[in-house]
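Notes follow the structure.
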Amino acid sequence: MSRRPPRTSPDPIDKYVGSRVRARRVGMRISQTKLGDAIGVTFQQIQKYENGTNRIGASNLYKISRQLGVEVAYFFQEMPEDLYEASNADPFGLSESAAEPFDSDPLSSRDSISLVHDFHRIPDETLRQRVGQFMRALANSMTNTPHDENDAADEFGPDDDHHTDKE
């Protein structure tokens with residue numbers, strides 16, 4: 001029985017899980033060194049996990065989930081179905097290769113993660129809604145591309161201020 005040739009790029013699922021580890025770790029303001037020490041690996045290994053370069057074994061994924069205060073399933077939540085399909089692309093060329101996954105997800109940046117973390121630390125729901133409205137108004141004024149009001153209501157909760165006189 002022949003072995004499969006090595007992959008030339010990280011598995012899309014490993015990259016997704018690694019990005020979820022990074023997002024949670026940064027959101028909790030835990031360094032790679034501190035997380036690595038807590039589970040018994042180096043910070044370089046944490047970097048490789050987060051980049052998807054190295055797969056996270058079951059025992060280390062469990063340890064990471066405990067350190068980050070989430071269930072293991074958290075790292076797979078909201079995973080796009082196409083990642084599974086891309087992960088199962090035939091390495092022997094018997095089928096078309098999958099499209100490259102989108103690498104520059106703006107929601108994975110340190111600034112975005114920090115902003116979302118701080119936003120959810122605001123205890124007053126009304127104030128959170130107002131901050132969301134302010135951010136939307138600012139973004140709309142800078143880009144001249146209004147955000148879909150229905151999406152905004154879903155993100156920040158129902159609010160009569162989302163409606164305009166056009167309705």
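Everything numeric here is computed off the predicted structure, so don't read it as measured data. Both backbone and side-chain heavy atoms feed into the values below; hydrogens, waters and symmetry mates do not.
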Side chain of S141, backbone of L138: donor and acceptor closer than 3.5 Å?
yes

Please say yes or no: joined through hydrophobic side-chain contacts below 4.5 Å, possibly via intermediate residues, are F134 and V116 part of one cluster?
no

Quick check on the hydrophobic clustering: are F43 and V41 connected, directly or via other members, by side-chain heavy-atom contacts under 4.5 Å?
no

Do any side-chain atoms of residues 65-75 form donor-acceptor pairs under 3.5 angstrom with protein atoms, and if so which ones, sequence neighbours left out?
unit_1, atom_1, unit_2, atom_2, d
S65, OG, Y62, O, 2.7
R66, NH1, Y62, OH, 2.8

To the nearest 0.5 Å, how far apart are CZ in R55 and CG in D14?
4.5 Å

Would V17 and L61 count as a side chain to side chain contact (heavy atoms under 4.5 Å, CB included) if you check the C-alpha gap in whole Å, the side-chain angles of each, and the deciding distance to 0.1 Å?
CA-CA 9 Å; V17 169; L61 188 59; 4.2 Å; yes

Could you list all the salt bridge (Lys or Arg N to Asp or Glu O under 4.0 Å) pairs where at least one residue sits in residues 41-51, not counting sequence neighbours?
R25-E50

Rounded to the nearest 0.5 Å, what's the gap from CG on L35 to NZ on K63? Could you check?
11.5 Å

Begin with the C-alpha distance, continue with both residues' side-chain angles, and end with the deciding distance and a verdict on side chain to side chain contact (heavy atoms under 4.5 Å, CB included) for R20 and Q77.
CA-CA 9 Å; R20 298 280 292 177; Q77 289 174 347; 3.7 Å; yes

E78 atom CD, over 12 foreign heavy atoms within 6.0 Å:
no

Is there a side chain to side chain contact (heavy atoms under 4.5 Å, CB included) between V131 and M135? Walk through the geometry before answering.
CA-CA 6 Å; V131 168; M135 291 171 56; 3.9 Å; yes

Distance only, no hydrogens: is a donor on one side chain within 3.5 Å (strictly under) of an acceptor on the other, for Q133 and R130?
yes

Enter the distance from R22:CZ to I46:CD1 here, rounded to the nearest 0.5 Å.
13.0 Å

What heavy-atom pair brings G52 and P10 nearest, and what distance separates the two atoms?
O-CB, 3.1 Å

Quick one: which residue pairs count as a salt bridge (Lys or Arg N to Asp or Glu O under 4.0 Å) with a foot in residues 29-38, not counting sequence neighbours?
R29-D118

At what distance, to the nearest 0.5 angstrom, does CG of N54 lie from CG of D11?
12.5 Å

When rounded to the nearest 0.5 Å, the distance separating CD1 of I64 from CZ of R24 is 13.0 Å

Just by distance, with hydrogens left out, do Y49 and N60 show a side-chain donor and acceptor under 3.5 Å apart?
yes

Non-hydrogen atoms of F119 and G132 that approach each other most closely
CE1-N, 4.1 Å

Keeping N51 on the side-chain end and Q47 on the backbone end, is there a donor-acceptor pair under 3.5 Å?
yes

Full working for side chain to side chain contact (heavy atoms under 4.5 Å, CB included) between I56 and V21:
CA-CA 10 Å; I56 307 172; V21 169; 4.0 Å; yes

